[in-house]
Each structure stands twice: as C-alpha cells, then as structure tokens.
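The structure under discussion appears below in the form of structure tokens.
The residues of the chain are indexed from 1 along the displayed sequence.
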Amino acid sequence: MGQLRQEVDPSEVGLDAKALDRLDQHVAHYVDEGRLPGYLLAVARGGRVAHLTTHGRRDLAAGLPVEADTLWRIYSMTKPVTAVAALLLVEEGRLSLDDPVERHIPAFAEPRVYVSGAGADMVTRPADGPMRVRHLMTHTAGLTFAFYHSHPVDALYRQAGLESSVVPGTTLAETVEVYASLPLQFEPGTQWNYSVASNVLGRIIEVVSGQPLDAFFAERIFGPLAMTDAGFQVSPEQAGRLAELYGDADGGGIEPIPGLPLRGRPRFLSGSGGMVASAHDVHRFMELLRRRGELDGVRLLAPETVDLMTSNHLPDGADLRAVGSKPAHDEPGNDGVGFGLGVSVVIDPSRTLAPSGPGTFGWSGVATTTFWVDPSRDLTVQFMTQLRPRAAWRVMWRSHLALRAVR
C-alpha cells in the first residue's frame, strides 16, 4: 500500500501557504454545511507534494475520517487511464489511432447516423466514413449516454437498457455489441459528445491485447507505476478504507447511495468509469503525465505520445462549446477548453471560467473527484470526495484558487 504524504514546505517550491490555507477554508465550508461528506486535497509542484489536507468523514454514520490512504471511486477519471492503455498498444504497433473500430469489433461495420424523427419514425443514413479509434479517444465518435434526455438517440439507449451505460448482467464485450446496434448521433469526427466511447476503447484493448481489461491495467500500468491500490475491486483488507458514496437527500443535505459494486471482481469492466484508487495512485498517474511518460526510471510512453495525448484534437482546433452537441454545447465552462486523447485541454485560458495555464489538462469523475496537470507551472492538483449530486458541480473553480498560491 502506498500513501500520499506532504514532502516539502509550500515555500520551498514557490507556493504561498496562506493562499493554500484560504483554499482549505473555502472547501471545508462545504463539509461544515453538510454539502460534502469529506475530502482530500493535494497540490504538488515539481512532483513534490507541498500541500495535503483532509477534512470531514469518509463514512458519516460510522464516524470514520477521511485519511491519506482513503480509497475513492474515481468513475470517469478512469477514462485517461484507458487512453494511456490504448496508447501503449499504439506505440507497440498493435493498434493505430486511424484503425476503423470495425477492424477490432466487427459489429461496428456500416454504422448509421441519425437524420430526423424519433422512435419508430427515426430516419437514419449510412455514415460517410468509419468510426475510428481516435474518435473514441476524443469523444467525437457519435456515441452518447442514455441519461442525457436531449436527443432521440439517447432515448434508444434507454430502450436498450443502457440507463447506467451497461446492460444489467452483461460483460463489457456484450454491452459494446449493444452500442454497435444503435445509430450514431452525428458523423464520426465532426462533433464532440461525452459518451460511452471509453467502454468501446476498453473492449478494443481487450481484443488487441488478448487480456481482460483489469489484467492489462494491472500488468502494464498499475504495477510499473506502483499504483498499489488502483483497480476495479477492493480486497477484504482494503474494504475498510473505501469511502461511502453519497447523494443529495430529498429533505436537504446528503445521504448514502449505491456505488460501484467493488467487493468482488465486477462482471462488467468499465473503461469509462470502473476504477477505485487512492490519492497516492492518482498522484503517481499525474506524475507519469507531467513527466511526459516516465516515472522513477520506468518509461511507459514516449514524450511525443504524451504530448499528442494532451493536445487539442477537436475539429479545426475548436473548443468544446463550439463543437459540442447538446448538452455539452450549453456548458459555459467549456469556453476555451479543448479535448485531447482522454483528457480535457485548456487552449485559451482567458476564456475559461477558472483561469489556468495554457495546456492544463485533466479530467473529473461523477462523484466530484477531479485532477489536473498544469505543465506551464509544473503544478498538479487532485481533489477527492464522494458525492454524486443530482446537478453537476463546477469543480474547475479550484484551479483558480490553487493558482493563486503560485508565487
């Protein structure tokens, strides 16, 4: 088991301790108001942790505090890990970003694209070209989520039993076949829509590597990086450190809600959101990317590959708001933010709601976890809690507060 620890005084790496204290006070207010159960916040510069705080409880009923070794359901923060796994195969020549998805999953041959109508009256047409691996990694594949309730194709996902992105009781391979049977919202490569694409990418990793996704991650990423608690399940020895998941209560406040079924190996290995990890694990992963593919003498990716991953790949260099289909288009926080291969990328800091350095990249999870790496300031930040709210929280404001600590 690895455990994150503060390594240096903030002043040693050019951070303002008073500003970091204000950051703690700001976030702790949400816990004290009963809006968050507890949290862990870590800021590192030059790879050294200069600020590490915990506050509140990982389990309110049991009175158990958040600690440095608490385990968190990181949900969509799994997606960048899946992207790194795919890029390992790309570097080995076993996969190409330009591969048609159908080469590895034949069910995606001859995709059809939505034209008009809904339900039985829906009109579709053959796609102009294939869905490619790069489209999966950039969420420009035309796939979607059932829970959006904003497009007729979303409704087809719900009819197919995909409310939680997986057909209950199925494997990753079986659910991906269901995705392939449904029409695309748009022509691959033309728009951005956050979707189930990382699950399809996870299945491609299984097909190409010949290994289950959890085994590939463990052998090729978690083991080499000493991400000792990361995985798709928790052991009996780890279970006591797992944070309880909460949601909004009808009468106000928060209450426990069901989370990922982590006790025992899940039947569905989600490349989109299946992981559990500690702050130590997340720090190790951030450091791999900050150091452009190498950590403690272990190189997983070439520097140029990480640069490719953390560059904007949206059509014509646009940001998420310009090319995002609804509901993405309507999110003002998408101004000035592009998307790379599995991570968001700041392309115009002046237009973001929470200014950050150019090239800052990262991603968040639905339980209000987030991480980002700011290469221009050699800064990494992670925020871990376990609240799955009914309405999306804005988490990028923390980047603005963290940047105020940089001298």
When you check the side-chain N and O atoms of [X] and [Y], is any donor under 3.5 Å from an acceptor?
| X | Y | value |
| --- | --- | --- |
| Ser195 | Asn193 | no |
| His51 | Asp24 | yes |
| Ser270 | Ser272 | no |
| Thr54 | Glu67 | no |
| Lys79 | Ser76 | yes |
| Glu287 | His283 | no |
| Gln185 | Asp154 | yes |

TODO: Run the ring-centre check on His313 versus Phe339 and record whether the distance is less than 6.0 Å.
DONE: no
Open item on the list: Suppose we call two aromatic rings close when their centres sit under 6.0 Å apart. Are Phe186 and Tyr114 close by that rule?
Closed with: no
- [ ] Can you spot which of Gln3, Arg241, His280 makes a side-chain hydrogen bond (donor to acceptor under 3.5 Å, both in side chains) with Asp229?
- [x] Arg241
Task: Contact check, side chains of Phe285 and Val81, non-hydrogen atoms, under 4.5 Å - done: yes
TODO: Taking the side chain as every heavy atom from C-beta outward, state whether Phe217 and Leu269 have any atom pair closer than 4.5 Å.
DONE: no
Open item on the list: Does the Lys NZ or Arg CZ of Arg290 fall within the cation-pi geometry relative to Phe361 - under 6.0 Å from the ring centre and within 45° of the axis?
Closed with: no
Open item on the list: Quick check on Glu92: does its CD atom have over 12 non-hydrogen neighbours (other residues, nucleotides or ligands) under 6.0 Å away?
Closed with: yes
- [ ] Please assess Leu23 against Leu41 for the test side-chain contact (heavy atoms from CB on, under 4.5 Å), listing each intermediate value before the final yes or no.
- [x] CA-CA 9 Å; Leu23 174 59; Leu41 171 66; 3.5 Å; yes
Task: Non-neighbouring partners of Val167 that pass side chain to side chain contact (heavy atoms under 4.5 Å, CB included), sequence neighbours left out - done: Leu162, Thr170, Thr175, Val178
Task: Ala42: side chain to side chain contact (heavy atoms under 4.5 Å, CB included) partners, not counting sequence neighbours - done: Leu4, Leu40, Leu52, Gln382
Does a salt bridge link [X] with [Y], judged by any charged N lying under 4.0 Å from a carboxylate O?
| X | Y | answer |
| --- | --- | --- |
| Arg35 | Asp32 | no |
| Arg284 | Asp281 | no |
| Asp98 | Arg134 | yes |

Task: Which residues share a salt bridge (Lys or Arg N to Asp or Glu O under 4.0 Å) with Glu174, sequence neighbours left out - done: Arg267
Task: Residue pair Phe232 / Gly274: nearest heavy atoms and the distance that separates them - done: CD2-O, 3.6 Å
